[in-house]
Every structure is written in C-alpha cells, then in structure tokens.
Amino acid sequence: MTRVSVELVPRTPESLMADVQTVREILPQVSILNVPDLIRFDLRSHDAASLIVKQTPFEVIAHVRATDIAPGAPLPGADRPELTSILVVAGDPPPAGSDRVVYPNTSAQIIERYRREAPHLKVYAVFDPYRRAPYHELEEIARKRDAGACGFFTQPLFDIPMLECCMDWLRDDTVFWGISPVLGDKSRRYWERMNHVIFPRDYDGTLEGNIAFARRMLGVVKQKNDNAYLMPLKVDLASYLGALGDIITE
C-alpha cells in the first residue's frame with residue numbers, strides 16, 4: 001500500500017503544531033510526517049519530532065545532519081523512546097563566516113553508528129538523482145544500504161521519465177519519492193544552482209502547474225505501489241494539500 005508523508009519545517013513549536021493540525025484536518029489518511037533539521041532555526045528536528053509524537057498519533061521521521069555529529073558524541077534522538085525513525089542527511093555546509101563546527105562524517109558512517117548504537121530505530125537515507133553522475137550516486141546508495149539504511153527519501157523530482165528511470169534503479173528498495181512545488185523563475189534558478197536540477201523544457205512553474213505535476217507523479221507512484229513525500233515549500237499548506245487529497249485517498 002502506498003504511504004505518503006508530509007514534510008513540515010520546524011520554525012517554532014507553535015507554527016509547527018499549527019501545521020500538524022492542518023495536515024490532520026486536510027489529509028486525515030496521512031500518518032507519517034518528516035521534519036528537516038535546518039540550522040537557521042533554533043528548534044532541532046529530533047526535538048520537534050518528539051513534540052509531535054507526544055501530542056498526535058503521527059509517526060514522525062526526524063532528520064539528522066551527519067556533519068553535526070562529533071566523534072563519540074551521543075546520536076541525536078537515540079535516547080528518545082517515543083521516536084521510531086530517523087533520516088540521515090549529509091547536511092548543507094553552514095553559511096560563510098559562520099562559527100558553527102562541522103565534522104567530516106559521511107552519511108554511511110552515521111547510519112552505521114545508529115544501527116550499532118540505536119538498533120531500535122529505523123534509519124532512512126537520502127537518494128539524490130541530480131547532484132552527480134548516476135553511477136556515483138548508486139555507489140553511494142550501496143554504501144548506505146550496506147551500512148544499514150532501511151529505505152530512502154529522494155530529493156524532489158520534476159520529470160516523470162526521470163522518476164520512472166530512478167524507480168527502476170531502486171526497484172528493490174523502500175523509497176519515498178519527493179514532490180515539491182517550484183514556483184516562478186527565481187525559485188527555479190535556486191533549484192538549478194543549489195541542487196543541480198534539470199527541469200524539462202515544458203515545466204510549468206505556476207501553482208496550478210505544480211499541482212497538476214504532483215498529481216501525475218502521485219499517480220505513477222501509486223501505480224508502482226511505491227511511497228511519496230510532499231515538501232510543500234512556499235505555498236499555502238491547506239490549499240496545496242487539499243488539491244491533492246483525492247488522489248492520495250484513492
């Protein structure tokens with residue numbers, strides 16, 4: 001059965017719980033949330049995940065930045081009995097001039113630590129089809145799989161043929177395929193510059209076009225009996241989720 005997760009940004013505890021309530025009202029059939037760990041906000045992902053789990057019936061997947069974990073330091077979220085799943089991400093570098101300390105960990109190294117030190121947690125990893133040559137990314141996927149990853153969350157995709165190709169590559173894995181709106185030329189240039197995304201020539205950057213593409217992508221995911229996650233950036237959460245509710249319910 002297809003599972004759908006919604007990614008919610010933890011700006012503040014209050015705004016996060018308001019978004020959680022919106023998901024509960026608009027998409028009562030969704031039972032999974034994932035929470036990114038963004039260094040520009042004070043609320044850490046594992047703290048946000050604990051907050052949600054203690055107040056709602058959602059399964060929450062907390063993101064953990066591999067580069068934030070000092071050698072020998074406790075693993076974020078490992079001591080939280082209410083948490084069941086985490087997603088290890090490499091972690092974007094801090095802004096230039098920041099005094100934030102980062103460490104040269106790979107995602108595979110941190111995944112292996114979680115599997116060894118916190119075997120009660122399901123550990124997911126990231127698949128990014130855009131950032132480098134496919135064979136390099138698939139080699140990294142193999143390392144993460146060998147380290148103990150139980151499945152993968154992808155960077156958002158924006159092209160159905162690309163999606164179907166990646167589905168073939170990861171056909172034997174548990175995968176949540178990423179869906180995110182990209183509105184307007186400014187946002188599109190950001191994704192091209194920062195994430196190396198190649199958009200199809202006919203990509204429609206309007207809200208209506210993004211909703212139509214999300215519906216198409218959800219249709220393909222459901223047809224393949226795979227999973228998806230929605231990353232509703234820079235859109236009204238209730239309106240965007242409401243426009244997808246019927247196809248998620250089908």
Side-chain angles (χ1 to χ4, degrees), residues 1-10 16 19-20 22-24 26-38 45-46 48-49 52-53 56-65 83-90 107 121-131 141 144 149-160 162-164 166-167 169-171 173-182 191 195 197 210-211 213-250:
M1 184 177 75
T2 296
R3 293 178 293 164
V4 176
S5 176
V6 178
E7 182 167 301
L8 298 178
V9 174
L16 176 66
D19 286 345
V20 169
T22 297
V23 176
R24 294 187 73 180
I26 302 297
L27 294 179
Q29 65 274 42
V30 166
S31 61
I32 308 173
L33 302 175
N34 65 93
V35 182
D37 197 74
L38 303 176
S45 177
H46 57 280
I52 297 169
V53 170
T56 73
F58 284 107
E59 174 187 352
V60 184
I61 302 173
H63 295 204
V64 174
R65 290 166 43 90
L83 299 185
T84 60
S85 307
I86 58 112
L87 168 62
V88 174
V89 304
S107 293
L121 290 172
K122 292 185 289 185
V123 183
Y124 292 92
V126 172
F127 168 71
D128 188 338
Y130 294 111
R131 63 180 160 183
I141 287 294
K144 294 174 180 177
C150 69
F152 300 92
F153 277 66
T154 78
Q155 286 284 11
L157 289 98
F158 304 97
D159 188 339
I160 297 299
M162 182 77 163
L163 168 66
E164 293 175 330
C166 293
M167 282 180 156
W169 293 341
L170 274 62
R171 60 188 174 275
D173 294 293
T174 297
V175 183
F176 285 80
W177 299 98
I179 302 172
S180 179
V182 176
W191 282 86
N195 298 87
V197 170
N210 275 274
I211 289 172
F213 177 75
R215 293 178 64 87
R216 287 179 61 206
M217 190 164 165
L218 283 166
V220 173
V221 169
K222 294 188 73 171
Q223 185 179 33
K224 300 284 189 180
N225 201 30
D226 255 345
N227 311 296
Y229 80 95
L230 305 174
M231 186 194 292
L233 298 174
K234 298 185 178 180
V235 292
D236 179 78
L237 183 63
S239 298
Y240 183 75
L241 297 183
L244 304 176
D246 62 322
I247 191 167
I248 293 173
T249 303
E250 287 176 358

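Everything numeric in this text was worked out from a predicted model, so none of it was measured. Index from 1, following the sequence.
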Please report the C-alpha distance between M167 and M162 in whole Å, then the side-chain angles of each, then the deciding distance to 0.1 Å, and finally whether the side chain to side chain contact (heavy atoms under 4.5 Å, CB included) criterion is met. CA-CA 9 Å; M167 282 180 156; M162 182 77 163; over 6 Å; no

For F176 and T154, what are the C-alpha separation, side-chain angles and deciding distance, and is it a side chain to side chain contact (heavy atoms under 4.5 Å, CB included)? CA-CA 6 Å; F176 285 80; T154 78; over 6 Å; no

Evaluate side chain to side chain contact (heavy atoms under 4.5 Å, CB included) for I211 paired with R216, printing each intermediate quantity in order. CA-CA 9 Å; I211 289 172; R216 287 179 61 206; over 6 Å; no

Between F158 and W191, is a side chain to side chain contact (heavy atoms under 4.5 Å, CB included) present by the stated rule, with each step listed? CA-CA 11 Å; F158 304 97; W191 282 86; 4.0 Å; yes

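Between V6 and M231, every side-chain heavy-atom pair lies at or beyond the 4.5 Å cut-off. R24 has its side chain within reach of P57: a pair of non-hydrogen atoms, C-beta onward, lies under 4.5 Å apart. Side-chain contact check for D37 versus V64: every heavy-atom pair is 4.5 Å or farther apart. Considering only heavy atoms from C-beta on, N195 stays 4.5 Å or farther from Y130 through its side chain. Between L83 and H46 the shortest side-chain heavy-atom distance falls below 4.5 Å. Looking at heavy atoms from C-beta onward, L121 lies out of side-chain contact with S85 at the 4.5 angstrom threshold. S31 places none of its side-chain heavy atoms less than 4.5 Å from the side chain of E59. Annotation: side chain of V175 is not in contact with side chain of F153 (no heavy-atom distance under 4.5 Å).
Note: I61 CD1 to Y229 OH = 10.5 Å, rounded to the nearest 0.5 Å. Distance check, rounded to the nearest 0.5 Å: CD1 of I141 to NZ of K144 gives 5.0 Å. Between the NZ atom of K222 and the CE atom of M217 there is a distance of 14.5 Å, given to the nearest 0.5 Å. To the nearest 0.5 Å, atoms CZ (R65) and OG (S107) are separated by 10.5 Å. Atom-to-atom distance recorded for D19:CG and I26:CD1 is 11.5 Å, nearest 0.5 angstrom. Separation of atoms OG1 (T22) and CG (L27) is listed at 10.0 Å; rounding is to 0.5 Å.
Residues T249 and Q29 bring a donor and an acceptor atom of their side chains to less than 3.5 Å of each other. Looking at W177 and D226, their side chains do bring a donor and an acceptor atom within 3.5 Å of each other. Counting only N and O atoms by type, the side chains of S5 and N34 include a donor and acceptor under 3.5 Å apart.
Closest non-hydrogen pair, R131 versus V126, comes out as NH2-O, 4.5 Å. Across every non-hydrogen atom of P181 and P232, the tightest pair is CD-CA, 4.0 Å. Contact detail for G219 and I247: the closest heavy-atom pair is N-CD1, 3.9 Å. Taking both residues in full, the closest heavy atoms of T174 and C150 are given as CB-O, 3.8 Å, listed atom of the first, atom of the second, then distance. Summarising the geometry of P36 relative to L8, their closest heavy-atom pair is CD-O, 3.2 Å, with the distance given to 0.1 Å.
Between the R215 side chain and the A243 main chain, a donor and an acceptor come within less than 3.5 Å of each other. The backbone N or O of T2 sits nowhere less than 3.5 Å from a side-chain atom of N227 that would complete a donor-acceptor pair. In this structure, S180 contributes its side chain and P156 its backbone to no donor-acceptor pair below 3.5 Å.
Exactly one of L87, V60, V9 qualifies for a side chain to side chain contact (heavy atoms under 4.5 Å, CB included) with V35. That residue is V60.
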